Amino acid sequence: TKLSHIRNFSIVAHIDHGKSTLADRLIQACGAIEARDMKEQMLDSMDIERERGITIKAQTVRLEYKAKDGKTYQLNLMDTPGHVDFAYEVSRSLAACEGSLLVVDASQGVEAQTLANVYHALDAGHEVVPVLNKIDLPAAEPERVKQQIEDVIGLDTSDAVMISAKTGIGIGDVLEALVNRLPCPEGDVDAPLQALLVDSWYDPYLGVIILVRIKNGVLKKGQKIRMMATEAAYQVDSCGYFTPKLVQTTELRPGEMGFFTAAIKAVADTKVGDTVTDDRKPADTPLPGFKPSVPVVWCGLFPIDAADYEDLRDSLAKLRLNDASFQYEPETSAALGFGFRCGFLGLLHLEIIQERLEREFNLDLITTAPSVVYRVHKTNGEMEELHNPADMPDPARIDHMEEPWIKATIMVPDEYLGPVLTLCTERRGQQIDLTYAGSRAMAVYKLPLNEVVFDFYDRLKSISRGYASFDYEVDSYAQSDLVKVSILVNAEPVDALSFVVHRANAESRGRGICTRLKELIPRQMFQIAIQAAIGGRIVARESISALRKDVTAKCYGGDASRKRKLLDKQKEGKKRMRQFGKVEIPQSAFLAALKMG
Ligand code: GDP
Ligand code: MG
């Protein structure tokens, strides 16, 4: 296809504003797929994604559109991951396109991820077409939301497209806007191959599939190619595109998006953002902006039943096949036995992996408190990255420590602003900006990431009755007065419950955990002491008195079925317990370490 007849675009939106519904509608309108084949939310391929309504892996679809000018265009729709944890993948997907549709729910207005995503799109040099969705809803206020987009983002909305992705109103206007308002791609077909690696995933039949955007040159079946960052060379086995069905072709040309396969074993060998070039006639320079994504949140994953260890190891290896941003290494805990220390792009990423392990691989796991990556500068001049609080060196050997900070954007209706600002202050936040757009406030804060990985998001939702939206990007490292708090159960430290925290919050956090553990650890036949300590100094303590009665004692003789139920329930609970010396600690107690007082 001629460059002038290609349009590459993505859709950016806050979650639930209708990105997937619009994508489905566009696919349908271009006749790429029969209505009866149309499953809801075509582009969200994994089950968990569909259930949660989020998109994890970027996918692309090539559509053929006959425009009102009589010409047929190739439209490449690139679906981007919707969540902040995947910001790097979002920016790489956007680098593969020339324009974006900015979808805003006309009954909700601009939200935090609307802003974050539209700024990514503007940074990528995109032409942005505002699209107001859900105009079928009685609560839709398109005029007010248009004004808000102008005020907050500074985009001209006089040509905004009004649609209902649900009923199909305005879909034709969206297609015409794509053709008439987005620039066509540029590229030189005679130059050495430069293709941006946008995504890769493991397919059980085809092996690793690599999604690329061709910038210059031609990618052909049979060609020997080279990845510029990893320097690995492969022969192209097949290439093609998705409609969303897989279609094979013999070559991909400048401006086009598509996939290729080669004998690549694991996605770990392919890096999102890398440049693919011709091995025999390589490009002089890679495309700009490559940086591998690094895990920022780490936690331990341990099988509840030690016999599941090998299953867990195999399952992690399988997940890793498909997710190069997820990392893991073996870990041994005195408390929890053999498991793995795992690194994630953020909390949502952690939750998704944990859920897939439990659901798809049928594993019962204990997750330890997530920790961010600290930089420990030791007195001998060395710097160490700390992924696990249990590995913190002796304070005498530490010169100083640094922790990662984020820049967070929070949008919230006026009436909830007070508590939101208080929450940010409690979490050591520094206000950067506070502005208003209509009755909504936008607060920009710098916050230490370790104050956010606990329960910040849940707290924010609850104090704003679900109306606040939140987005962040990792900012920089800064020196901080950090200490390790150990939790002792009957004088034995439980390594999996220890955590690193700012000195100012250490005591209250330690006390909070002791109180919670007191509620969560069932009474046993003897008294249990729970303590929080910084080094040798006990900063909080609680005790659980000994149990006297049998749980079934209060069920009188006759009610055998009730008695059995109670015992079964107790057995069920046991599965989720770990033994510490003589003390049994339930999984919920480990999770409690994540929640703050
Ligand atoms: P995404 O998170 O941006 O991908 O949003 P979805 O496409 O999954 O849509 C979120 C919800 O909004 C779903 O329940 C959709 O059915 C609904 N939705 C999407 N577009 C419209 C629309 O135009 N009108 C109405 N009433 N609902 C819509
Ligand atoms: Mg979606």
Side-chain angles (χ1 to χ4, degrees), residues 297-300 333-336 347 366-374 376 386-396 398 400-404 422-429 447-459 479-524 527-545 578 580-581 583-597:
V297 175
W298 290 76
C299 76
S333 153
L336 299 175
L347 278 186
I366 283 185
T367 316
T368 63
S371 173
V372 303
V373 178
Y374 298 100
V376 182
L386 184 69
H387 291 171
N388 187 348
D391 300 335
M392 179 131 146
D394 183 340
I398 300 176
H400 68 278
M401 282 176 70
E402 290 181 301
E403 64 178 332
T422 309
L423 175 67
C424 289
T425 310
E426 274 169 21
R427 301 298 168 90
R428 299 190 281 134
L447 284 155
L449 183 59
N450 86 347
E451 301 281 347
V452 174
V453 297
F454 293 94
D455 60 346
F456 184 85
Y457 195 59
D458 291 343
R459 286 287 309 280
Q479 191 171 334
S480 181
D481 188 8
L482 298 160
V483 292
K484 175 173 143 184
V485 178
S486 307
I487 301 293
L488 307 146
V489 174
N490 274 357
E492 272 192 65
V494 180
D495 57 355
L497 290 176
S498 64
F499 58 95
V500 172
V501 65
H502 192 268
R503 190 182 300 276
N505 294 340
E507 238 184 272
S508 68
R509 194 79 46 83
R511 199 173 313 117
I513 289 183
C514 289
T515 318
R516 279 209 168 74
L517 287 178
K518 180 183 173 168
E519 288 160 13
L520 286 163
I521 297 179
R523 293 168 71 192
Q524 295 170 30
Q527 184 177 334
I528 303 169
I530 304 165
Q531 295 166 311
I534 303 174
R537 191 164 62 90
I538 304 294
V539 294
R541 70 163 292 145
E542 291 285 346
S543 67
I544 303 172
S545 55
R578 292 298 293 223
F580 289 89
V583 183
E584 286 191 322
I585 302 184
Q587 151 88 32
S588 50
F590 290 92
L591 295 178
L594 329 184
K595 305 245 152 72
M596 300 189 290

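Numbering starts at 1 and runs along the sequence shown. As the structure is a prediction and not an experimental result, all values here were calculated from the model.
Note that the CG atom of D481 and the NE2 atom of H400 stand 12.0 Å from one another [nearest 0.5 Å]. Distance check: R541 CZ to K518 NZ gives 10.5 Å after rounding to the nearest 0.5 Å. Atoms OG and CG, on S371 and L449 in that order, are 9.5 Å from each other to the nearest 0.5 Å. If you take CD1 on I534 and CD on E507, they are separated by 6.5 Å, rounding to the nearest 0.5 Å. Rounding to the nearest 0.5 Å places CG of L336 at 8.0 Å from CG of L497. Atom OG of S480 sits about 10.0 Å away from atom CZ of R503, to the nearest 0.5 Å.
In terms of heavy atoms, G510 sits closest to V485 at CA-CG1, 4.5 Å. Taking each heavy atom of V297 and P370 in turn, the nearest pair found is CG1-CB, 3.5 Å. The minimum heavy-atom distance linking P404 with V373 is given by the pair CD-O, 3.4 Å. Contact record, M401 with L386: CE-CD2, 4.3 Å, taken as the closest heavy-atom pair. Closest of all the heavy-atom pairs between C299 and T367 is SG-CG2, 3.5 Å. Across all non-hydrogen atoms, the minimal contact from I528 to P522 is CD1-O, 4.3 Å.
With sequence neighbours excluded, the residues that form a ring pair (Phe, Tyr, Trp, His ring centres under 6.0 Å) with H387 are W298.
The shortest side-chain heavy-atom distance between S498 and M392 does not fall under the 4.5 Å cut-off. Side chains of Y457 and L347 form no contact here, defined as non-hydrogen atoms less than 4.5 Å apart. For the pair L482/E403, a side-chain contact is recorded, criterion being any heavy-atom separation below 4.5 Å from C-beta on. Side-chain atoms of I538 and L488, non-hydrogen and from C-beta on, do get closer than 4.5 Å to each other. A heavy-atom distance below 4.5 Å is not found between the side chains of H502 and N450. Counting heavy atoms from C-beta outward, S545 and R523 have side chains that approach closer than 4.5 Å. In this structure the side chain of I487 reaches within 4.5 angstrom of the side chain of I513, judged on heavy atoms.
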request  = Apply the test side chain to side chain contact (heavy atoms under 4.5 Å, CB included) to residues V501 and V483: give CA-CA distance (whole Å), side-chain angles for both, the deciding distance (0.1 Å), then the verdict.
outcome  = CA-CA 6 Å; V501 65; V483 292; 4.3 Å; yes
request  = Assess whether side chain to side chain contact (heavy atoms under 4.5 Å, CB included) is satisfied between T515 and E542, documenting all intermediate values.
outcome  = CA-CA 7 Å; T515 318; E542 291 285 346; 3.7 Å; yes
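Using a distance-only test at 3.5 Å, with no hydrogens or angles considered, a donor-acceptor pair links the side chain of R427 to the main chain of E451.
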